[in-house]
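Working notes, structure below.
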Number of protein chains: 2
Amino acid sequence: MRNLNDKPGHLARRFQQIAVAVFHAEMEQAGFDLTPVQYAALAAIAAHPGMDQATLAGTIAYDRTTITGVVDRLTQKGLVARNPSPRDRRAHQLSITDAGEKTLDQIEPAVQAAQQAMMAGLTAAEGKELMRLMRKAIAAGNELSRAPLREAVSARS
Amino acid sequence: MRNLNDKPGHLARRFQQIAVAVFHAEMEQAGFDLTPVQYAALAAIAAHPGMDQATLAGTIAYDRTTITGVVDRLTQKGLVARNPSPRDRRAHQLSITDAGEKTLDQIEPAVQAAQQAMMAGLTAAEGKELMRLMRKAIAAGNELSRAPLREAVSARS
DNA sequence: TGCTGATGATCAGTATACTTGTCAAATACG
DNA sequence: CGTATTTGACAAGTATACTGATCATCAGCA
C-alpha cells in the first residue's frame, strides 16, 4: 500500500508546515510578530527600494493579489511606506521605513535560528543536499505555479 | 547578502507551492475538483473506515479545525458520510460513500502523474534522496507543529 | 457519586494563497 | 493619433492553516 510518506506532495506540505511553525516560534521568542511572508517582503523591499508591488511579487515568488494584503499589514505596522510612483500612476512605490530597517536588523538572529531549527534532524551535508535538490526541482517547475520567481530587473528605460 | 535561495524555509514554501499547482492542474485535466487536502482525507477515510475527525487529523497531520472544513466540503460533494459515533456521543464517525470510492479509483492516475510532475527536474535517484531527506527532517520536527503526525492505532493493542 | 481534567467538535478571528473579474493607466501598433 | 493589448492594483470568493475559546461528553479518581 502506498503510504503518505512516499508522496513528495505530502512531504513537501509537511516540511513547509514545520518550517512555518518554527519560524513563528523563533519570532515570538524574539518578541516580534512577523510572518514568513512579511519577513520575505520586508527584506526584499529593503534590498530593492522603490520597487512596485508586481515586481516585489515576482522577486519573492508570491501571487500579486496575496502581496496586496501583505503590504497592507506591513504598512499598518509602520514598517513599510507605500507611495504613488512618479513614473506610473497605476503603481505604488514601496520603501522601508526607519522602523522597518531597525526591525529587520533585530530579527536577523531569530531568522537564522529558524532556518537552522528546521534542518535540525539533518547533518550539515544533508542539509546542503536537501537545499540543492529542492532548488533543482523548483527550477524545473518554476513556470508551473501562478507565481513564478522573476529576477528583479534594476531600473532601465 | 544572503539570497532567498539559501533559505530552506523559502525553498520549502516554493516547492510546496509548485506541488499544489501541479496537483490542481492534473486534477482539473482529469475532470475532478479535489484539492490535495481533500484527496489525502478521502484516501485516509477509505483506509480506516469509521475513524473520527481527530484521528483523521492525526493520520494525515492536519490541524483539527482545518479538518472540520475539509470534511464539510467532502460531505457536501457526497464523497464522505458523517455519522454520530455509537461509542462516543461527542464524536463523528467518518466513512466513504460509493461515489467517494469510485472517485478515489478514477483519480489515481492523475495523482500519480502529479507526484511525478513535481519531481520532473530530478533524476530518479535524486527524487528518492529528496524524499529521504524530507522524511528525516520532518521526523525530527514532527512535534514542532500544531498538527503532528499520529500513527492511526489500528484495532490492536 | 461528585469532581477534575482530558478530549471531540466547532466557532471566531487572522493570514496566506489562489481564481476570476474589474478598472484605470500605460504601452504597442498600425 | 487612436485603438488594442498589456499591466498594476484591488475586490470578491474559496480553501487552507493556525491561535484561542467554548461546549458537551467522557474517563479517572477520591
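Chain letters run A, B, ... following the sequence lines, proteins first and then strands; every chain starts at 1.
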Quick one: is [X] getting a side-chain N or O under 4.0 Å of the [N] phosphate, OP1 or OP2?
| X | N | value |
| --- | --- | --- |
| A:Gln38 | C:dT16 | yes |
| A:Gln16 | D:dA17 | no |
| B:Gln53 | C:dT7 | no |
| A:Tyr62 | C:dT16 | no |
| A:Arg89 | C:dA26 | yes |
| B:Ser85 | C:dG8 | no |
| A:Arg82 | D:dG8 | no |
| B:Thr35 | D:dT16 | yes |

Under 3.5 Å, is there a donor-acceptor pair between the side chain of A:Arg73 and the main chain of A:Gln38?
no
Are any side-chain N or O atoms of B:Thr75 and backbone N or O atoms of B:Val71, one a donor and one an acceptor, separated by less than 3.5 Å?
yes
Integer-rounded Å distance: [N] [atom2] and [X] [atom1]:
| X | N | atom1 | atom2 | value |
| --- | --- | --- | --- | --- |
| A:Asp88 | C:dA24 | CG | C1' | 10 Å |
| B:Asp52 | C:dA6 | CG | P | 19 Å |
| A:Arg87 | D:dA9 | CZ | P | 12 Å |
| B:Ile60 | D:dA17 | CD1 | P | 10 Å |
| A:Arg14 | D:dA17 | CZ | C1' | 12 Å |
| A:Asp63 | D:dA11 | CG | P | 15 Å |
| A:Phe23 | C:dT16 | CZ | C1' | 14 Å |
| B:His92 | D:dC26 | NE2 | C1' | 15 Å |

Kindly confirm or rule out a cation-pi arrangement of A:Arg13 over B:Tyr62, judged by NZ or CZ under 6.0 Å from the six-membered ring centre and within 45° of its axis?
yes
Just wondering, are more than 12 heavy atoms of other shown residues or ligands nearer than 6.0 Å to CD in B:Gln106?
yes
Taking DNA chain D as the partner, which of residues 27-34 of chain A come within under 4.0 angstrom of it by heavy atom?
none
So if I take residues 67-79 of chain B and measure heavy-atom distances to DNA chain D, which residues fall below 4.0 Å?
B:Val70, B:Arg73
Looking at [options], which one has an atom nearest to any side-chain atom of [X]?
| X | options | answer |
| --- | --- | --- |
| B:Gln17 | C:dA17, D:dG8, C:dG8 | C:dA17 |
| A:Thr65 | C:dT20, D:dC18, D:dG8 | C:dT20 |
| B:Thr66 | D:dT16, D:dT7, D:dA9 | D:dT16 |
| B:Val37 | C:dT16, D:dT16, C:dA9 | D:dT16 |
| A:Ala91 | D:dA17, D:dA9, C:dA26 | D:dA9 |
| B:Ala54 | C:dG8, D:dG8, D:dC18 | C:dG8 |

Side chain to side chain contact (heavy atoms under 4.5 Å, CB included) with A:Ile45: which of A:Thr59, A:Leu94, A:Leu79, A:Ile60?
A:Leu94
Joint hydrophobic cluster, A:Ile18 plus B:Leu130, side-chain heavy atoms closer than 4.5 Å
yes
For residues B:Ile138 and A:Met134: do they belong to one hydrophobic cluster (side chain heavy atoms under 4.5 Å, members Ile, Leu, Val, Met, Phe, Trp, Tyr)?
yes
Step-by-step side-chain contact (heavy atoms from CB on, under 4.5 Å) determination, A:Arg82 to A:Gln93
CA-CA 6 Å; A:Arg82 176 155 47 178; A:Gln93 256 189 356; over 6 Å; no
Atom OG1 in A:Thr103, atom CD in A:Glu108: separation rounded to 0.5 Å?
12.5 Å
Does a salt bridge link A:Arg132 with B:Glu126, judged by any charged N lying under 4.0 Å from a carboxylate O?
yes
Thinking salt bridges, do B:Arg90 and B:Asp52 make one under a 4.0 Å N-O criterion?
no
Is B:His24 touching bases, backbone alone, or none of the nucleic acid, heavy atoms closer than 4.0 Å?
nothing
Which residue lies toward the 5' end of DNA chain D, A:Val20 or A:Arg90, if each is placed at its nearest nucleotide?
A:Arg90
